[in-house]
Amino acid sequence: MDRPLYFGETIKPEPGESYDWHAHDFGQLISAASGSMYVGTPDRVLLLSPAMAIWIPPDTEHWMRYGSNNVMLYVDVNREEADRLGGDVRVVVMTPLLGALFVAAMPEGTNARGTKHNQALQTLLRYELLSAQDVPLSLVLPKDVRIRGVAQAALDDPGSVRSVEAWLSEVPASRKTIERLFVADTGMPPSRWLRHARILHAVSLLASGQSVTSVALDMGYESPSAFSYMFRQTLGVSPSEFLGNRLVDPLWSAIRLASR
């Protein structure tokens, strides 16, 4: 039987649940009603959190690791339709309309509507995705073995890194060489790369329900205000504004109730 253009399901992964490298012969759209997840590709690590959606094209090798307090919406996209959505993995802003269209792709909705009605909603979903704004919640992983290990360690637990100097002290190369390797492989100097790794981890913690103060201290900042300044410098909004940009509560409440 042919795969539908868009076919959705709601899942509740266990905290820390993960999937090793794999690929699909179809595309996947994923949004988070709550919680977060990391998606890794051969050259990047991306973070999905509430108020965002991620697009994974067919045949894209990737791994997944979930955070906690997770309610995820998956929408599988058949290959023909996936070709129209582009061949790049993306993290995009989840608008209220895009969120409603995700919900409309769930079986309980599609089964209750006629063919033409579903086709109209699917076409609208496609255009919303194509015009969606990308957000900088991804990091390029360095390829050079001299710096890949310290980069991976910082991505796993950036709060344990108390200074750039201490973080890079285990790399068997001079600071000038390390700077050159990071810029060549990631497009960022190590200090900026570390700041982005901290942002990804902070967003994941905030999405799990932790307070701004708790996350700030976990990230090694002396005060919530210092953390908020760094957050705003990177994403353009404060942590509280970021959390406030989630979809309207009635929509997410409906998703959570349906997944219980």
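In this text, all values refer to a predicted model and were calculated from it rather than measured experimentally.
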Please name all residues satisfying ring pair (Phe, Tyr, Trp, His ring centres under 6.0 Å) with His117, sequence neighbours left out, ordered by chain then number.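 For His117 there are no ring pair (Phe, Tyr, Trp, His ring centres under 6.0 Å) partners, ignoring immediate neighbours.
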Partner residues of Trp167 under the ring pair (Phe, Tyr, Trp, His ring centres under 6.0 Å) criterion, sequence neighbours left out: Phe182
Give the cluster check for [X] versus [Y]: same hydrophobic cluster or not, with ILVMFWY residues linked at side-chain heavy-atom distances below 4.5 Å.
X      : Y      : result
Leu129 : Leu124 : yes
Val215 : Leu217 : no
Ile178 : Val164 : yes
Leu168 : Val161 : yes
Val103 : Leu97  : yes

About how many Å separate [atom2] of [Y] and [atom1] of [X], when rounded to the nearest 0.5 Å?
X      : Y      : atom1 : atom2 : result
Asn78  : Asp25  : CG    : CG    : 10.0 Å
Leu29  : Leu125 : CG    : CG    : 6.5 Å
Met52  : Leu47  : CE    : CG    : 8.5 Å
Met37  : Met72  : CE    : CE    : 6.0 Å
Ser160 : His201 : OG    : NE2   : 9.0 Å
Arg65  : Tyr19  : CZ    : OH    : 14.5 Å

Is there a side-chain contact between [X] and [Y] in this structure, where contact means two heavy atoms from C-beta onward sitting under 4.5 Å apart?
X      : Y      : result
Arg90  : Leu46  : no
Glu17  : Met64  : no
Leu139 : Met188 : yes

At their closest point, which heavy atom of [X] faces which heavy atom of [Y], and how far apart are they?
X      : Y      : value
Ser31  : Met94  : CB-CE, 3.2 Å
Val92  : Asp134 : CG1-OD1, 3.5 Å
Ala197 : Ala154 : CB-O, 4.4 Å
Leu205 : Asp218 : CD1-OD2, 3.3 Å
Val45  : Leu200 : O-CD2, 4.1 Å
Ala104 : Thr110 : O-CG2, 3.5 Å

Does [X] reach the main-chain N or O of [Y] with its side chain, forming a donor-acceptor pair under 3.5 Å?
X      : Y      : result
Arg162 : Gly159 : yes
Ser214 : Ser211 : no
Asn70  : Ser36  : yes
Arg44  : Val89  : yes
Arg198 : Gly220 : no
Arg126 : Glu81  : no
Trp55  : Ala82  : no

Can Lys176 and Glu179 be said to form a salt bridge (Lys or Arg N to Asp or Glu O under 4.0 Å), step by step? CA-CA 5 Å; Lys176 184 176 181 180; Glu179 295 271 350; over 6 Å; no
According to ring pair (Phe, Tyr, Trp, His ring centres under 6.0 Å), does anything in residues 22-47 pair up with another residue at least two apart or in another chain? List the pairs.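 Of all non-adjacent pairs touching residues 22-47, those that pass ring pair (Phe, Tyr, Trp, His ring centres under 6.0 Å) are His22-His24, His22-His62, His24-Phe26, His24-His62.
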Across all chains, not counting sequence neighbours, the side-chain hydrogen bond (donor to acceptor under 3.5 Å, both in side chains) partners of Glu128 are none
Carefully, step by step, assess Ile54 and Gln28 under the rule side-chain contact (heavy atoms from CB on, under 4.5 Å). CA-CA 8 Å; Ile54 192 167; Gln28 276 192 329; over 6 Å; no
Could you pull out all donor-acceptor pairs under 3.5 Å where a side-chain atom in residues 224-232 meets a protein atom, sequence neighbours excluded?
from: Ser225; atom 1: OG; to: Ser223; atom 2: OG; distance (Å): 2.9
from: Ser228; atom 1: OG; to: Pro224; atom 2: O; distance (Å): 2.9
from: Arg232; atom 1: NH2; to: Glu241; atom 2: OE1; distance (Å): 3.1

Do the side chains of Asp185 and Arg148 get close enough for a salt bridge, i.e. N-O under 4.0 angstrom?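 Answer for the salt bridge query: no.
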List the residues meeting salt bridge (Lys or Arg N to Asp or Glu O under 4.0 Å) with Arg146, not counting sequence neighbours, and say none if there are none. Asp144
For Gln122 and Leu101, run side-chain contact (heavy atoms from CB on, under 4.5 Å): C-alpha distance rounded to whole Å, both residues' side-chain angles, the deciding distance at 0.1 Å, then the answer. CA-CA 8 Å; Gln122 290 166 353; Leu101 292 168; over 6 Å; no
More than 12 heavy atoms from other groups under 6.0 Å of [atom1] on [X]:
X      : atom1 : value
Glu61  : CD    : yes
Gln152 : CD    : yes
Glu170 : CD    : no

Walk me through whether Thr186 and Ile147 qualify under side-chain contact (heavy atoms from CB on, under 4.5 Å). CA-CA 11 Å; Thr186 72; Ile147 58 174; 5.8 Å; no
The residue among Ser204, Pro15, Pro13, Ser18 that forms side-chain contact (heavy atoms from CB on, under 4.5 Å) with Tyr66 is Pro13
Given Leu206 and Val212, is the side-chain contact (heavy atoms from CB on, under 4.5 Å) satisfied, shown in steps? CA-CA 7 Å; Leu206 290 169; Val212 172; 4.1 Å; yes
